[in-house]
Visitor: 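Would you mind keeping the following structure in view while I ask a few things?
Below, chain A is the first sequence line, B the second, and so on; all start at residue 1.
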Amino acid sequence: MKRYDPQAIEDKWQAVWDETKLYAASDSDPREKYYYLVEFPYPSGDGLHVGHVRSYTALDIMARHKRMQGFNVLYPMGFDEFGLPTENYAIKHKIAPQAATAANVTTFTRQLKEIGFSFDWDRQVHTSDPSYYRWTQWIFLQLLQAGLAYQDEISINWCPFEKTGLANEEVVDGKHERCGTPVEKRFLKQWLLKITAYADRLIDDLKTVDYLDRISSQQINWIGRSHGAEITFKLRNVEGETDDRIAVGVYTTRPDTIFGATFLVVSPEVVKTWIDAGWKASDEVQNYVTNAMNKAELERQEEKVKTGVDTSIKALNPISGEEIPVWVADYVLGSYGTGAIMAVPAHDERDFEFAAKYKLPIVRVIDGGELPYSGPGKLVNSGDYDGLEGDPARHQIIEDLVAKDAGQGATKYKLRDWVFSRQHYWGEPIPIIHCPKCGVVPVPVNQLPVELPLVESYEPTDTGESPLAAMTDWVNVLCPKCESPAKRETDTMPNWAGSSWYYLRYADAHNDRAFADPEKLKQWTPVDLYNGGMEHTTLHLLYSRFWHKFLFDQGLVPTAEPYAARRSHGMILGPDGAKMSKSKGNVINPDAVIVKYGADSLRLYEMFMGPFDETTAWSDEHLSGVNRFLYRVWTLAQVLMSEGDRTVDPQAEVIQSEIFATEVDRATHKTLKKVHEDITAMHFNTAVSALMEYINFLNEPKRRASFVLAANRDLADRTIRSLVLMLAPFTPHIAEEIWQDLGEPESVHIQGWPKYDPELIKEDLVTIVVQVNGKLRANLVAPIEATEAELTDLAKADERVAKYLADGEIVKTVVVPRKLVNFVVKTS
RNA sequence: GGGCGGGUGGUGGAAUGGUAUACACGGAGGACUUAAAAUUCUCUGCCGCAAGGAUUGUGGGUUCGACUCCCACCCCGCCUACCA
């Protein structure tokens with residue numbers, strides 16, 4: 001009997017699939033398209049992670065399943081190559097990032113092929129390839145032209161370890177999310193992209209796509225839209241005079257509490273602009289502001305006790321007419337709203353704390369619970385507005401503010417513009433030339449790509465300039481407009497640039513005249529199903545939606561949203577239940593798993609380990625169970641296929657009847673239905689369970705022996721075929737091998753998916769559960785069409801039930817046809 | 001503090017109003033073997049010798065019937081956070 005040798009058959013078939021380009025998607029195929037996308041990997045030196053495998057296997061199964069159902073499926077793969085780990089590795093080992101990337105891509109490619117994913121390798125995308133980033137640069141120039149890219153001298157998050165500016169999204173807990181270094185503040189001239197211009201659409205259009213709820217809500221949260229009012233308080237300086245240099249509006253979501261505003265708080269950032277404008281601050285205010293501005297984010301966040309200084313400025317409440325003091329305090333952020341608030345200590349916890357500390361008045365204006373009370377309620381102590389409820393009060397006050405020209409309704413967002421400059425070598429050069437005469441000049445499109453020059457040192461500098469600045473040959477150019485000496489922009493793009501549009505390039509990966517042909521975009525986009533990690537929800541996913549919407553507005557892509565559906569896989573933890581990390585030594589290497597068990601086992605285990613979207617810990621023991629299952633499948637296949645020796649083992653007890661065939665076919669079709677539905681719903685773990693149950697059923701010794709009978713030849717044949725077809729999406733190699741052993745000349749992966757026959761799975765007998773007062777007392781088997789009366793009689797007749805009915809009165813009988821009978825009994 | 005998940009045997013988990021614990025792991029015992037591994041068979045959530053009983057984080061509710069629906073609370077995970 002032929003032995004199961006996973007590694008041998010996997011190598012063999014991978015070579016065949018590669019050579020025959022079995023999974024290449026055709027642009028001219030008239031069948032309905034389906035586009036599955038997984039996040040392309042960053043080719044780090046660590047190699048493929050089992051987390052990649054989980055995501056890629058899931059969509060590989062769906063892609064294979066859809067292909068078998070006759071769809072023209074696109075399931076592409078590429079590499080997100082720019083990024084700091086590669087640069088750091090290159091610096092440390094003194095090799096070019098290009099070389100390090102090439103080596104890592106080779107490893108990743110080998111690993112991906114060894115798992116047998118059905119990617120269309122002809123459409124590979126490499127973000128660091130000039131033929132690709134040419135178009136990344138081109139899109140940037142379109143953004144620039146549309147006024148969505150701009151330069152600004154801003155205080156940015158600066159990572160002192162990697163010596164680069166960071167986007168907000170990359171700062172976690174005041175630390176750089178990748179290297180953990182506390183982030184500092186620096187003032188640098190940076191390129192920014194106006195993602196805030198798309199804030200509303202990025203929220204509102206979520207209604208038009210099918211994203212996992214937690215993904216949508218996380219994006220909505222991150223964008224942080226709130227509705228309120230912007231209110232102008234007239235300011236008077238110490239002398240009681242108005243001063244043009246000091247002015248501020250405040251933003252509040254609770255204009256209804258305006259009578260409770262007992263002071264104003266302005267952020268140090270705003271006060272600094274006053275000082276810069278020439279306003280004379282007291283030494284105390286001056287010091288406080290300087291101090292606060294020098295603090296790193298982390299320090300400011302860590303302060304538990306609020307501090308502040310009275311500026312001696314007075315503000316006039318436009319509604320109540322009251323004069324209140326203006327304070328500066330760093331618990332108010334310069335970067336949100338207007339950078340100033342009206343403090344309502346009675347109804348805001350932070351203001352309450354501050355007022356208590358500095359002995360500022362606290363006035364209740366909303367009827368409700370204990371102070372500080374931030375809930376809803378009727379207005380009190382609010383002059384003419386007393387008695388109004390929150391919503392009408394807010395509307396009325398905003399109306400009155402508008403009438404007095406002292407404010408209006410306003411919508412604010414937490415989302416900030418995307419800091420798009422990095423002071424690093426290993427990224428797309430920003431295609432800009434700075435001319436002393438003409439200013440910012442875009443590199444003419446026909447001169448794209450602006451290629452990264454080879455440099456001697458990739459070390460970032462401390463000056464806030466990228467290493468490219470040292471490349472004078474490259475930096476010094478003539479201005480494309482006036483031909484006077486000019487300099488290239490030396491900052492590069494963040495690593496999120498290339499990934500913001502790569503899914504479009506898959507539609508037309510080799511186009512050198514456009515980022516993609518409009519017809520091909522129409523053919524393939526949008527992505528029908530996109531799967532990726534939750535950690536990209538507020539980074540890559542949001543950025544790429546933004547770019548896509550921009551391209552849509554430019555008429556360059558056919559849809560307003562890039563991804564029709566987005567799903568996310570759960571994290572795989574180490575066997576110890578902790579997040580996998582090199583330092584903890586709990587990293588599972590897929591290569592080792594393949595060497596020991598084979599790729600099919602790896603794939604099947606990752607699907608079986610638990611619900612696809614939930615976090616689960618790795619277990620080698622559970623993996624070996626799946627491996628055993630595949631050996632059982634193999635052995636069973638040998639039995640079902642055995643040709644020459646179809647005699648009965650005289651010792652074996654066999655079933656040789658029509659009932660046997662009916663029973664087997666029914667099991668087959670039930671499994672077909674279950675597996676089909678579970679793949680569609682991404683319930684891969686239960687699909688695998690169903691296959692296991694099916695194998696257990698077929699493998700029962702009596703059945704196994706019966707399959708070998710000459711009379712059951714056809715039954716055995718159709719059973720093994722259905723089994724192999726069902727397994728094909730999950731474990732493509734073993735399925736292909738058995739399919740070939742069945743004498744089939746063509747690949748199993750281009751066969752039609754076997755449809756289940758609803759007639760076949762109809763049962764004529766069902767198990768009826770009999771309960772007394774809701775407690776299970778008996779099971780009985782009854783014909784499926786039995787009436788309520790018949791079921792009641794059958795149930796009453798059962799001695800196990802009768803016992804409980806004897807000493808009481810049946811007050812009610814509940815019958816659910818095909819399912820149960822429940823007697824409600826009252827004992828006297 | 002806010003948002004989103006989740007809590008079921010020794011373990012991963014199944015069941016979305018109708019037999020709780022499918023499937024798998026682990027464990028126990030048997031067969032095969034000189035032996036071990038592998039394989040294979042039987043048993044295996046808890047208490048109880050058994051009959052039986054209790055049981056899905058806790059407490060309450062709706063229902064003939066609740067892991068499932070509703071209310072309150074406790075715990076865990078992820079995301080986010082002086083966002084006014």
Side-chain angles (χ1 to χ4, degrees), chain A residues 172-174 212-222 224-226 228-229 250-254 257 261 265 267 300-304 306 329-333 335-344 347-351 353-354 374 412-416 534-535 537-538 568 570-571 573 577 579 604-605 608-611 613-626 628-629 631-632 635 683 685-696 699 701 767-779 810-816 818-825:
Chain A
V172 174
D173 278 341
L212 229 50
D213 283 347
R214 59 189 160 130
I215 297 174
S216 301
S217 69
Q218 208 168 300
Q219 290 209 342
I220 291 168
N221 252 309
W222 183 262
R225 178 164 63 188
S226 69
V250 301
Y251 175 67
T252 179
T253 54
R254 294 293 303 271
T257 63
V265 187
S267 63
R300 225 164 122 169
Q301 274 176 24
E302 273 171 355
E303 273 161 18
K304 297 276 185 281
K306 293 181 174 35
D330 67 1
Y331 82 89
V332 171
L333 306 175
S335 51
Y336 180 74
T338 59
I341 60 156
M342 60 174 208
V344 184
H347 305 291
D348 182 283
E349 218 176 300
R350 295 153 300 178
D351 298 345
E353 194 190 317
F354 193 80
S374 54
K412 299 284 175 194
Y413 306 87
K414 290 189 208 172
L415 183 73
R416 326 250 169 100
M534 280 307 287
E535 68 275 21
T537 303
T538 52
S568 197
M571 219 194 317
L573 304 175
K579 199 170 166 177
L604 200 63
Y605 167 60
F608 185 58
M609 67 194 311
D613 55 359
E614 272 172 39
T615 301
T616 318
W618 184 271
S619 160
D620 276 324
E621 284 167 343
H622 291 185
L623 167 61
S624 70
V626 166
R628 262 179 279 194
F629 165 74
Y631 274 91
R632 278 199 295 273
T635 317
H683 295 162
N685 56 330
T686 47
V688 177
S689 298
L691 287 165
M692 287 173 167
E693 279 177 82
Y694 181 52
I695 292 293
N696 290 345
N699 244 340
T767 303
I768 302 290
V769 172
V770 186
Q771 299 177 334
V772 179
N773 290 334
K775 273 193 199 262
L776 174 72
R777 293 305 175 191
N779 292 321
I810 300 175
V811 291
K812 192 172 179 182
T813 305
V814 181
V815 183
V816 182
R818 301 177 178 203
K819 284 211 170 127
L820 94 160
V821 179
N822 186 15
F823 296 107
V824 185
V825 174

Visitor: Could you work out the separation of B:A66 and B:U19 based on their P atoms and round it to a whole Å?
Guide: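 My reading of the P atoms in B:A66 and B:U19 gives 12 Å.
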
Visitor: Does the structure show a Watson-Crick or G-U wobble partner for B:A15, both distances under 3.5 Å? Name it, or say none.
Guide: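 Answer to the pairing question: none, since B:A15 forms no Watson-Crick or G-U pair.
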
Visitor: Calculate the interatomic distance between A:L573 atom CG and B:G13 atom P; express it in whole Å.
Guide: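 Those two atoms, CG and P, are 10 Å apart.
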
Visitor: What interatomic distance, in whole Å, is found between P of B:C74 and the corresponding atom of B:G65?
Guide: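 29 Å, rounded to whole Å.
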
Visitor: Just name whichever nucleotide pairs with B:U58, Watson-Crick or G-U, keeping both distances under 3.5 Å, else none.
Guide: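 Pairing partner: B:A72.
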
Visitor: Kindly check if the number of other-residue, nucleotide or ligand heavy atoms within 6.0 Å of CD (A:E349) is above 12?
Guide: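 At most 12 heavy atoms, drawn from other residues, nucleotides or ligands, come within 6.0 Å of this atom.
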
Visitor: If we take the C1' atom in both B:A20 and B:U55, what is their distance in whole Å?
Guide: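 Result for the C1' pair: 9 Å, nearest Å.
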
Visitor: A:R225: which residues meet the salt bridge (charged side-chain N to carboxylate O under 4.0 Å, His left out) condition with it, sequence neighbours left out?
Guide: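 Here the qualifying residues are A:D200, A:D204.
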
Visitor: Parallel, tilted or perpendicular: which one describes the rings of A:Y331 and A:F354, with boundaries at 30° and 60°?
Guide: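 Aromatic pair A:Y331/A:F354 classed tilted.
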
Visitor: For A:V816, answer base if it contacts any base atom (sugar-phosphate contacts may also be present), sugar-phosphate if it contacts only those atoms, and nothing otherwise; contact means non-hydrogen atoms under 4.0 Å.
Guide: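 If one applies the 4.0 Å heavy-atom cut-off, A:V816 turns out to touch a base.
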
Visitor: Once you apply the 3.5 Å cut-off to both distances, tell me the Watson-Crick or G-U wobble partner of B:A22, or none.
Guide: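 Answer to the pairing question: none, since B:A22 forms no Watson-Crick or G-U pair.
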
Visitor: Any base atoms under 4.0 Å from A:R777, or only sugar-phosphate, or nothing? Heavy atoms, all strands.
Guide: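 Sugar-phosphate only.
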
Visitor: Work out which heavy atom in A:M342 is nearest to a heavy atom in A:D351; give both atom names and the distance.
Guide: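 Distance-wise, the nearest heavy atoms are O-OD2, 4.0 Å.
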
Visitor: Considering only atom P, compute the distance from B:U8 to B:U68 and round it to an integer number of Å.
Guide: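 To the nearest whole Å, 14 Å.
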
Visitor: Report the distance from atom OH of A:Y631 to atom C1' of B:A38, rounded to the nearest whole Å.
Guide: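 Taking OH of A:Y631 and C1' of B:A38, I get 10 Å after rounding.
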
Visitor: For A:Y605, enumerate each residue passing the ring pair (Phe, Tyr, Trp, His ring centres under 6.0 Å) test, keeping only those at least two apart in sequence or located in another chain.
Guide: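 A:Y605: ring pair (Phe, Tyr, Trp, His ring centres under 6.0 Å) contacts with A:W618.
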
Visitor: Collect all protein-nucleotide pairs involving nucleotides 2-4 of chain B in which both atoms are nitrogen or oxygen and the distance is under 3.5 Å.
Guide:
| unit_1 | atom_1 | unit_2 | atom_2 | d |
| --- | --- | --- | --- | --- |
| B:G3 | O2' | A:N221 | ND2 | 3.2 |

Visitor: In whole angstrom, give me the gap between the C1' atoms of B:U58 and B:G48.
Guide: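 Result for the C1' pair: 26 Å, nearest Å.
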
Visitor: Do A:T537 and A:R214 come close enough that some side-chain heavy atom pair is under 4.5 Å?
Guide: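 No, too far: nothing below the 4.5 Å cut-off.
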
Visitor: Using the test side-chain contact (heavy atoms from CB on, under 4.5 Å), find all partners of A:M571 that sit at least two apart in sequence or belong to another chain.
Guide: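 For A:M571 the side-chain contact (heavy atoms from CB on, under 4.5 Å) partners, ignoring immediate neighbours, are A:L573, A:K579, A:T615.
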
Visitor: Which letters describe nucleotides 20-32 of chain B, given B = protein heavy atom under 4.0 Å from base, S = only from sugar-phosphate, - = neither?
Guide: --BBSSS------

Visitor: Say we look at B:C82 and B:G6: how far apart would their C1' atoms be, to the nearest angstrom?
Guide: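 These two C1' atoms come out 29 Å apart once rounded.
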
Visitor: Output the rounded distance in Å from NZ (A:K414) to C1' (B:C82).
Guide: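 It is 11 Å, rounded to the nearest whole Å.
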
Visitor: For residues 770-778 of chain A, which side-chain donor-acceptor pairs fall under 3.5 Å, sequence neighbours excluded?
Guide:
| unit_1 | atom_1 | unit_2 | atom_2 | d |
| --- | --- | --- | --- | --- |
| A:N773 | OD1 | A:V825 | N | 2.8 |
| A:N773 | ND2 | A:V825 | O | 3.3 |
| A:R777 | NH1 | A:Y804 | OH | 3.1 |

Visitor: Identify, with sequence neighbours excluded, every residue that meets side chain to side chain donor-acceptor pair (under 3.5 Å) alongside A:Q218.
Guide: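 Scan of A:Q218 (side chain to side chain donor-acceptor pair (under 3.5 Å), adjacent residues dropped) gives none.
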
Visitor: Need the pair for B:C78. Rule: Watson-Crick or G-U wobble, both distances under 3.5 Å, any strand; none if unpaired.
Guide: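 Partner of B:C78: B:G3.
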
Visitor: B:G6 P sits how many Å from A:M534 CE, rounded?
Guide: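 The distance from CE of A:M534 to P of B:G6 comes to 12 Å, rounded to the nearest Å.
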
Visitor: Could you tell me how far apart A:H347 (NE2) and B:G1 (C1') are, to the nearest whole angstrom?
Guide: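 Answer to the nearest Å: 19 Å.
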
Visitor: Identify the nucleotide, in any strand shown, that forms a Watson-Crick or G-U wobble pair with B:U42, with both distances under 3.5 Å; if there is none, say none.
Guide: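 Checking every strand shown, B:U42 finds its partner in B:A28, with both distances under 3.5 Å.
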
Visitor: Let me know the distance between NZ of A:K819 and C1' of B:G18, rounded to the nearest Å.
Guide: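 One finds 6 Å between C1' of B:G18 and NZ of A:K819, rounded.
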
Visitor: To the nearest Å, give me how far apart CZ (A:R416) and C1' (B:A81) are.
Guide: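 Those two atoms, CZ and C1', are 12 Å apart.
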
Visitor: Using purine N1 to pyrimidine N3 plus N6-O4 or O6-N4 for Watson-Crick, or N1-O2 and O6-N3 for G-U wobble, both under 3.5 Å, which nucleotide pairs with B:A84?
Guide: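 B:A84 is unpaired by these criteria.
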
Visitor: Mind checking the P distance from B:U33 to B:G26? Whole angstroms is fine.
Guide: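 B:U33 and B:G26 have their P atoms separated by 24 Å.
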
Visitor: Which residue lies toward the 5' end of RNA chain B, A:R254 or A:K775, if each is placed at its nearest nucleotide?
Guide: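 The residue mapped nearer the 5' terminus is A:K775.
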
Visitor: OP1 or OP2 of B:A84 sitting under 4.0 Å from any side-chain N/O of A:Y336?
Guide: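 Yes, within the criterion.
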
Visitor: For B:A51, which nucleotide in any strand shown is its Watson-Crick or wobble partner with both distances under 3.5 Å?
Guide: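 Check on B:A51: unpaired, no WC or wobble geometry under 3.5 Å.
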
Visitor: With heavy atoms under 4.0 Å as the rule, sort A:T767 into base, sugar-phosphate or nothing.
Guide: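 The residue A:T767 makes base contact.
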
Visitor: Write down the distance between CZ (A:F823) and C1' (B:G18), rounded to a whole number of angstrom.
Guide: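 One finds 15 Å between C1' of B:G18 and CZ of A:F823, rounded.
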
Visitor: P atom, B:G53 versus B:A72: distance in rounded Å?
Guide: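 Pairwise P distance, B:G53 against B:A72, rounds to 35 Å.
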
Visitor: RNA chain B: A:N822 or A:M571, which has the more 5' nearest nucleotide?
Guide: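 Result: A:N822.
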
Visitor: Under the rule for salt bridge (charged side-chain N to carboxylate O under 4.0 Å, His left out), what residues qualify as partners of A:E353, not counting sequence neighbours?
Guide: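 With neighbours one apart ignored, the set is A:K306.
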
Visitor: By side-chain contact (heavy atoms from CB on, under 4.5 Å), which residues pair with A:T813, not counting sequence neighbours?
Guide: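 Testing A:T813 for side-chain contact (heavy atoms from CB on, under 4.5 Å), a comparison that skips the adjacent residues, returns A:T792, A:I810, A:V815, A:V821, A:F823.
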
